[in-house]
Amino acid sequence: MAVVIASSHCSSRMSSAERMRTPPPADQQGESGVDANETSATGMSFEGTKEAQNFVEDPDFAKSYLSQCKGTIVKRIKADSKALERVDTISNATTREDVMYRPLADLLSDISKDMFDSISSEDRKSLGIAHAIVFIDQHDAPPSHFPVGDPRDKPDLVGAFSDKDVDETKPKGQKGKVSQKIPYHRLETVVEAKPKHKTGGPQCASYLYRLQQARPDRPGAYGLYVRPKFYQIFYSNPVGTKASKQIPWHNDKGELNLDVLCKYVYSLYDPLKDLFLYDPSVKWVEPLDQALGPPSWTITVGDDVYEGAAIEFIGNAWGRRTTVFRVERDGFPPIIIKEGYVESGRRYEESALLNHAHAPGFLPGVVRVVSAEDVQLDGRTIAFQDPSSQVTKTKRRVVLADTGVDLEHARSVNDLMKTFYDVLEVHRTLARERHVLHRDMSIFNILMYPMHASCVGARWQDCPPLIDDILGEPRRADAPRTPRCLLIDFDHSAKLVENDEPAQENLRHRTGTPMYIARAVAAGEPPDANYAVNVEAFEDAKMPLLSPEAKQLYVNAYGEDRYNRYNDVESTCHGGTIALTKRDRRERPFYHRWEYDAESVFWTMYSVLLRVLPKESSSETEEMHEDLVDGWKSLNDHRIGNSRNVTDSRESLIQRSHKRFRAPFLPEMNDVATTLHKIALQVIPSYAVMPSLPPYEDHLHEAMQRLILDYLVAHRDHDIPLQPGMLRNTGGRVEEGGREHGMFASELRSTTGPKGQAGGVGRSLKKATTQDSVSRSSRKRAAPEHEESSQRAAKKRIQPYRYVTATGPHDRRPRKHDPPVLQGQWEWPAEPAGGQPPSDDDAGDDEADA
């Protein structure tokens, strides 16, 4: 029996059962107009500008990407005097593109009507179409309701299925403007027109990039680029963009050359089956009381239907194209559904790896899979193959069982420090007991204030003592233990398998988020002398000894043996022998070590603790702000290169003296900065080049946890309350969706093969990346500026829950495609673990201002 899970906020104009590919029945379309005084935006506001320049022209495009339409209709269109007149107007455009809009819109709309009329009513029903597509001049009005941020893109023309609401937006009169923007979720295609001596191909590709980000129900999409002498058809999907050759408006005999143009329009209705122009398992629904309003989405996963979903995150349209949906439910955690296009044949797939990790019993602190599937259309898996690399990307959808809160929404510094302690404990337990290495620890993949959906009959196993067990009395039993953290996004994780050459080879591939990736992983080899491989660095990195009070608490939780096991003697550092000179280094092949993930946790700590804002914060002096901008720039500007000679911009930050390291932090955060500096000293050495390696792979975890525990014991009664979601102004770039650096974890990767060889889609961080960038959710908006001690500080607001999901309280049946590890009944948790998440009141009065 199918289960329908509806959002508590869902009020729609049409139910998902009624929604087809098109809007409701339409009135007769009106007259198109044109504004001769304005032209479309010529700048590309999206982040993939470089990729947009690299579209590939395919000489066999019409055969490979377009459907055949009836020749008699094409012949009639070519003989139409109106078509000839409109093409002549387009062909005679010189310096002004606006004169092309009206005739081009009319030409395409007439062709569209003819193509629609040529499809029988029975075929229309099977194709899910009920109305003709109309082309509208909207060059002066960017499409509305982009799910994330507010891009400035203004396609000259847009194609949308005609109905009363759409028709009313069309310009009235010769110089009329659109009365209302056509929303992104109504767009079926985009058109870019350019006069002589201007290029618009990359711009058309960029508009397709946005269109596909905004429409998860459109795996593929078509676009059109027009100039006075030719037109060019584009097709875009997750493996990139292909284009036809430039097709002259007239053939050698002077006759209209509209055959390919007609095929383009016809393909919008009846595309080639392998192009997967639409995915009916995802459907948009507009608000009941707002025509062309912001849509919600109805998503079918297996037998279950989720209504009222909102898009929370969108990724690179020409990469993994991750989309995260959120379904709000009163009194329960939100449901989040994550989908994306993953490379087929990958050694490790996220849901399978998570099922493996939880197979012996649920491991607290690691997100759990409820269901996962490869998305299909008419019995065929939605997948695309890149002809150049032969890589196939398959659309995959996952529902998860746990939720949490972004780190920037911490209520206090101690809450953050407790979270980071548990992150390290969960990570080392996951690697040691379940043999899974995350390999992409970052601010995007660590949540706090977790809420776990309960599962009746589930087993919990390998629950180590966590920070609340150490600081609390009495210590909790194994089963009820819940950490302060939740690790998510295992797209780039790997199994740790001894004597398995393929598994070992996989660990030699570099992956991570540029700002947080370990230095050795970024370089693709153990750091050289520039990374402080010297005796002083190792001497400063001896395993820390706990204060008497902290040691007693530690021993009560873990025992004396564990404490002594990691302690150093005079000639060791973390149990390994010290390299006295550069000649003492051991050249070892690179592979992803546990300590590299621990280093990524350090960079995450620095990123968060540098920018959080105490409730009782001092005025920030100009010198302090300059130090803040400088410190943030060192982290934010880091790129992953393919050369061993690339300098890591973060090295100058981690090598600073204590005084210099502390300079960017607010005075209230001095003790926090001191602890971070002590941790930095543990991170600096290149343990991989020691003559004899540390005997325990989790040695850096242990060192960092000891320093965090010392801080928490010393500040147990001296916590620093924070303003949840409010960050200091780093003076850097503000993301379109809100964060200065904001990206979703699985999208911002730089993945290369051994020793820097290309091994997948390589990306590095810029606005987010150099080759690729994604936009954060619209909930990541900049908060209003306000006076604070005669100084204005721009601060950003972040929605509490970011990456969450739980299924409703209904029985789960094992799925043929991906059965759950533990079968039973998923239930909603009564309250979050590890402390209550911030409420609306905690976020401050200006929460309402957003």
Side-chain angles (χ1 to χ4, degrees), residues 28-40 66 69-118 132-140 155-160 162 167 169-178 188-196 198 200 204 222-234 244 246-268:
Q28 193 69 26
Q29 75 179 57
E31 182 184 22
S32 296
V34 63
D35 183 348
N37 299 319
E38 296 184 10
T39 59
S40 65
L66 298 177
C69 54
K70 295 179 179 179
T72 54
I73 299 176
V74 176
K75 185 176 181 180
R76 186 174 70 244
I77 291 172
K78 292 162 62 175
D80 185 1
S81 59
K82 288 185 178 180
L84 179 60
E85 179 183 345
R86 289 160 181 166
V87 171
D88 285 344
T89 302
I90 295 169
S91 300
N92 291 325
T94 54
T95 59
R96 293 178 55 186
E97 67 185 62
D98 54 345
V99 300
M100 304 167 68
Y101 299 154
R102 174 67 179 271
L104 184 57
D106 290 344
L107 174 66
L108 292 171
S109 293
D110 285 353
I111 293 175
S112 178
K113 186 177 185 304
D114 288 339
M115 293 301 163
F116 177 77
D117 291 342
S118 72
I133 293 174
V134 61
F135 288 79
I136 300 174
D137 168 15
Q138 194 167 289
H139 72 277
D140 60 345
D156 293 324
L157 306 181
V158 297
S162 176
D167 292 344
T169 69
K170 292 191 295 186
K172 303 298 190 294
Q174 189 67 24
K175 296 185 178 181
K177 293 186 177 182
V178 293
E188 298 298 326
T189 186
V190 291
V191 181
E192 178 62 18
K194 290 293 181 187
K196 290 182 179 179
K198 287 190 177 182
C204 181
Y222 288 108
L224 173 65
Y225 164 43
V226 171
R227 283 182 64 177
K229 298 301 181 184
F230 64 82
Y231 61 90
Q232 189 172 28
I233 315 299
F234 284 72
S244 69
Q246 297 175 352
I247 304 168
W249 286 105
H250 300 85
N251 61 24
D252 294 340
K253 298 179 180 180
E255 301 170 336
L256 286 182
N257 192 12
L258 302 182
D259 299 65
V260 177
L261 188 67
C262 291
K263 291 179 182 179
Y264 150 69
V265 175
Y266 181 76
S267 296
L268 296 174

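Note that the structure is predicted; figures quoted are calculated from it, not measured. Each residue takes its place number in the sequence, starting with 1.
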Salt bridge Asp106-Lys82, side-chain N to carboxylate O under 4.0 Å | no
Lys196 vs Lys198 side-chain heavy atoms within contact, under 4.5 Å | no
Nearest heavy-atom pair of Phe135 and Ser109: which atoms, and what distance?
-> N-OG, 2.9 Å
Heavy-atom side-chain proximity of Ile73 to Tyr266 below 4.5 angstrom | no
Is any side-chain heavy atom of Val74 less than 4.5 Å from a side-chain heavy atom of Cys69?
-> yes
What do the steps show when you test Met100 against Val226 for side-chain contact (heavy atoms from CB on, under 4.5 Å), and what is the final call?
-> CA-CA 9 Å; Met100 304 167 68; Val226 171; 3.7 Å; yes
For Glu85, does the CD atom have more than 12 heavy-atom neighbours from other residues, nucleotides or ligands under 6.0 Å away?
-> no
Between Ile77 and Cys262, is any pair of side-chain heavy atoms under 4.5 Å apart?
-> yes
Does the Ser244 side chain pair with the main chain of Ile233, one donor and one acceptor, at a distance under 3.5 Å?
-> yes
Under the side-chain contact (heavy atoms from CB on, under 4.5 Å) rule, what do Leu157 and Val190 come out as? Steps first, then yes or no, please.
-> CA-CA 6 Å; Leu157 306 181; Val190 291; over 6 Å; no
So, does Ser118 use its side chain to make a donor-acceptor pair with the main chain of Met115 at under 3.5 Å?
-> yes
Do Val191 and Leu104 pass the side-chain contact (heavy atoms from CB on, under 4.5 Å) test, and can you show the C-alpha distance, the side-chain angles, and the key distance before you say yes or no?
-> CA-CA 9 Å; Val191 181; Leu104 184 57; 3.8 Å; yes
Apply side-chain contact (heavy atoms from CB on, under 4.5 Å) to the pair Tyr231 and Leu224, showing each step before the final yes or no.
-> CA-CA 7 Å; Tyr231 61 90; Leu224 173 65; 4.1 Å; yes
Report yes or no: does Tyr225 contribute a side-chain atom to a donor-acceptor pair with the main-chain N or O of Gly200 at less than 3.5 Å?
-> yes
Report, one line per pair, each donor and acceptor closer than 3.5 Å where one atom sits in a side chain of residues 248-261; sequence neighbours left out.
| unit_1 | atom_1 | unit_2 | atom_2 | d |
| --- | --- | --- | --- | --- |
| Trp249 | NE1 | Arg227 | O | 2.9 |
| Trp249 | NE1 | Phe230 | O | 3.4 |
| Asn251 | OD1 | Lys253 | N | 2.9 |
| Asn251 | OD1 | Gly254 | N | 3.1 |
| Asn251 | OD1 | Glu255 | N | 2.9 |
| Asn251 | ND2 | Glu255 | OE1 | 3.1 |
| Asn257 | ND2 | Pro248 | O | 3.2 |
| Asp259 | OD1 | Lys78 | NZ | 3.1 |

Any side-chain donor near an acceptor of the partner, Thr189 and Tyr264, under 3.5 Å = yes
Distance-only, no hydrogens or angles: does the Asp156 side chain make a donor-acceptor pair with backbone N or O of Ala193 under 3.5 Å?
-> yes
Nearest heavy atoms of Asp98 and Arg96, plus distance in Å = OD2-NH2, 2.8 Å
Is there a donor-acceptor contact under 3.5 Å from the side chain of Asp110 to the main chain of Ser112?
-> no
Ile133 side chain reached by Phe116 side chain, heavy atoms, under 4.5 Å | no
Gap between atom CZ of Arg76 and atom NZ of Lys70 - 0.5 Å precision | 10.0 Å
